[in-house]
Amino acid sequence: MREPVGGGRWPRDRGREGTAFRRARLRYPASDPFALPARTTLRFCLLVVATLAAGYAPMVLNLSAFPALEALVPSILAQSVLSMAAVAAGALVVWWMYPAIKVRRRRLRPLPAAGHGELTAALGELCREAGLPRAPTFLWNPREAMPTAVAFGRVRRWYVALSGGLVVLFRRDPAAFRAILFHELAHLGNGDVGITYLAMAMWWSFVALVLVPFVLFGLFPGVLHPTAFSSLAWLAAWPWRIVGLGLLVYLVRNSVLRTREVYADLRAATWDGPSGALRRILEGQPRRRRPWLGPFAVHPDPRWRRRLLDDPGPLFEVGFWESLATGCVLGLANVGLVGRTAVPVQGEAALPLLVLEGFAVSCLAGGAVGLDLWRAIDAARARGRRPRGRFAVALGLAAGLMLGPNLSLDAPVLELTGRGHFAGLRPALPDLLVDLYVVAGALLVVGWISATAAPWLAWRRWSGRPRLADLVGLLVVGVVLGALVVLGFLVMLLVGTTGRLAVLAEWPLTMLLSPVGALVATILWAFPLAAHLLGRTGEAVDPVPVREALIGLGIGLGFWPLYLIEVVGLRPPGFLSSPAVAFCLVQALAGGAVAARASPPAVPRGLLVAFITACVTAPVAITLVPGRPSVPTLVAAWLNGGTLAALPFALLGSALGARRRRARAPG
């Protein structure tokens, strides 16, 4: 940060309650930007996934330019692991060396105590006011005339570098000096210094080990081995994808750097007090002449930073572009993981591996969507407003999931070798149907995340263990989002390769009746119900749903006589002759009846009855199908089949119950 030299004295007022940011927090408790995990951490996780996902395919192709090296590592899986390890190792080396490089480049040296006793005492006092557990090492370069400061370093070795101009500013304008130092100390307090320089190291490792070698090898036809395509094919398939990959990683990195500055301003404002000079400093910063270059900047616009000090509301808004980047990263990562690990595993063994990889990647990046949505909804409810932006989030996520697989360098390998392509970007009927399919899935997932916001936030607020609640919420959102990602990837690949539109109906049903589908379907109703019960704050709500559990247990036990009649050969008349049909009918009616009389959330309570009934009668599924196929698959299909049958009845019962309660309400 920079500040023109001006007059003033060292302020003695250390009050913090008078700042506009603190007043906003008192008026809108949910508008605290630090209440939920900061966007800096979430976007850094997104950057790590994006860098590794964008890097392993080009790295493998770079390895193919050296037949001797490729012969040492013949396995495509080993090549992928080696490529990702190389990018990560390069980033760690740059990150570890960065403090020493910065000290040498800026000619920094320790701040001498002789002649600067007042300055040293003031720096120690600022660290105590900021509440830092350990004071950083202060360095300086007396020859730098501009009043600047920068925090850098790595774990347990943090530095704050001062310029000679800033030391002069300490005596001429102590308020400005105090604000600038508070901003740099806020980076340490927020824990984003290590994240910042690791993000920059990831970018430079990606450029040095992936982008530059790939472009150089691509300029010489025939160098790439064994996929030596014609020059025209290379120009049509590779350049725009490699530009897209580099741009994606670069923009995500810059987003991390911009976000950290905003959160440092907000933290510094709580320390600087009402008489601080932070606002004056931001107003004196030069304005950006080309606002459209904002996504490419590493610092946010000073005017926007100044407005956020008075109203941090825009930090809680969600939009299209963040979701687009998240969707691109998820789609890109899943295509690369599957192409490098699941493809060599032939047959049915590839599907579990694909699902596990999809869920793992989605759990890492799922918080970028889920926590942003929950933060926006919490802030809107606290201000008495309706949450906005959910539709834009769903569209951005869907667009990213469609674009990400086509950005992957595995996509042109499939196309140029004639093994297929990914649907979604061509003006053909199958591609348009796949696009609608992904958009509908994204709308459903975003709608579910929004619907679960209220009970989850209530549990988080009153549990006393916010980190545990954050971890649970992140995992749950990752699993649900992972189901959409894996299913969307499969549909895009199978429709694009085979051209069969029947895949749009076959694979969702196959996934839904699988063990993974049973897990996801159970999470969809169990998570909001559990969060609602755990987040009770003393208002009149139903206790732990013992009644629903007893009803489900009773219906399940009552179903066994009907099954025994079927076993001894006394077939009941009509449609009751099939135990599966009778089971689904009983579940549906019971779920609807319970939902009609239960308090909110009524639909999960109705589905709980259906689920317990299915668990009690699960042994029936094993004997219904001759040949004794996979027991987990049969049980999962039994659980999900009855729950799906009960869902429309539970929705109808919930609507009728809500209408009846409104009619009975006084007035």
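A quick note: this is a predicted structure, and the numbers were derived from the prediction, not measured.
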Steps toward side-chain contact (heavy atoms from CB on, under 4.5 Å) verdict (Val393, Glu322): CA-CA 8 Å; Val393 169; Glu322 294 87 350; over 6 Å; no
Test log, rule side-chain contact (heavy atoms from CB on, under 4.5 Å), inputs Tyr263 and Asp192: CA-CA 9 Å; Tyr263 278 90; Asp192 63 38; 5.5 Å; no
side-chain contact (heavy atoms from CB on, under 4.5 Å) evaluation trace for Leu403 with Leu332: CA-CA 8 Å; Leu403 180 61; Leu332 176 66; over 6 Å; no
Derivation and outcome, salt bridge (charged side-chain N to carboxylate O under 4.0 Å, His left out), residues Arg375 and Asp378: CA-CA 5 Å; Arg375 180 186 288 108; Asp378 195 27; over 6 Å; no
Test log, rule side-chain contact (heavy atoms from CB on, under 4.5 Å), inputs Trp304 and Val262: CA-CA 9 Å; Trp304 187 62; Val262 172; 3.5 Å; yes
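Between Trp456 and Trp374, the ring-plane angle classifies as parallel under the 30° and 60° cut-offs.
Between the side chain of Asn406 and the main chain of Met402, a donor-acceptor pair closer than 3.5 Å is present. Side chain of Trp448 to backbone of Leu524: a donor-acceptor contact under 3.5 angstrom is found. A distance-only check finds a donor-acceptor pair linking the side chain of Ser450 to the backbone of Val446 [under 3.5 Å].
Trp525 is not listed as a side-chain neighbour of Val603, based on a closest heavy-atom distance of 4.5 Å or more. Using a 4.5 Å heavy-atom cutoff, the side chains of Leu494 and Arg500 are not in contact. Residues Glu261 and Arg305 form a side-chain contact, since some pair of their non-hydrogen atoms from C-beta on lies under 4.5 Å apart. The shortest distance between side-chain heavy atoms of Phe296 and Leu247 falls below 4.5 Å. Taking the side chain as every heavy atom from C-beta outward, Leu308 and Asp265 never approach each other to under 4.5 Å. Using a 4.5 Å cut-off on side-chain heavy atoms (C-beta onward), Trp203 and Leu47 make no contact. Looking at Val243 and Trp240, their side chains never come closer than 4.5 Å, going by heavy atoms from C-beta outward. The side-chain heavy atoms of Pro427 and Leu432, taken from C-beta on, include no pair separated by under 4.5 Å.
No option in Leu46, Leu324, Leu401 other than Leu46 meets the side chain to side chain contact (heavy atoms under 4.5 Å, CB included) test with Val329. For the side chain to side chain contact (heavy atoms under 4.5 Å, CB included) criterion with Val445, the lone passing option out of Leu484, Val369, Val485 is Leu484.
Annotation for Ala376 and Val318: closest pair CB-CG1, 4.1 Å, computed over non-hydrogen atoms. Taking both residues in full, the closest heavy atoms of Gly244 and Leu407 are given as CA-CD2, 4.1 Å, listed atom of the first, atom of the second, then distance. When every heavy atom of Pro528 is checked against every heavy atom of Pro604, the shortest pair comes out as CG-CG, 4.5 Å. Closest of all the heavy-atom pairs between Ala199 and Phe44 is N-CE1, 3.8 Å. Shortest non-hydrogen contact noted between Ala86 and Ser205 is O-OG, 4.2 Å. In terms of heavy atoms, Val207 sits closest to Pro213 at O-CD, 4.1 Å.
Here CG of Leu468 is found 6.5 Å from CG of Leu471. Values are rounded to the nearest 0.5 Å. Atom CZ in Arg605 sits 11.0 Å away from atom OG in Ser654 (nearest 0.5 Å). Between the CZ atom of Phe527 and the CG atom of Leu475 there is a distance of 10.0 Å, given to the nearest 0.5 Å. Ile449 CD1 to Ile377 CD1: the interatomic distance, rounded to the nearest 0.5 Å, is 9.0 Å. Considering CZ of Arg390 and OG of Ser323, their distance stands at 13.0 Å, rounded to 0.5 Å. Once rounded to the nearest 0.5 Å, the distance linking OG1 of Thr259 with CG of Leu315 reads 8.5 Å.
In this model, a donor atom of one side chain and an acceptor atom of the other lie less than 3.5 Å apart for Arg260 and Thr196.
Taking the charged nitrogens against the carboxylate oxygens, Asp470 and Arg467 have no contact shorter than 4.0 Å, which rules out a salt bridge.
Heavy-atom contacts from other residues, nucleotides or ligands closer than 6.0 Å to CH2 of Trp204 number 12 or fewer.
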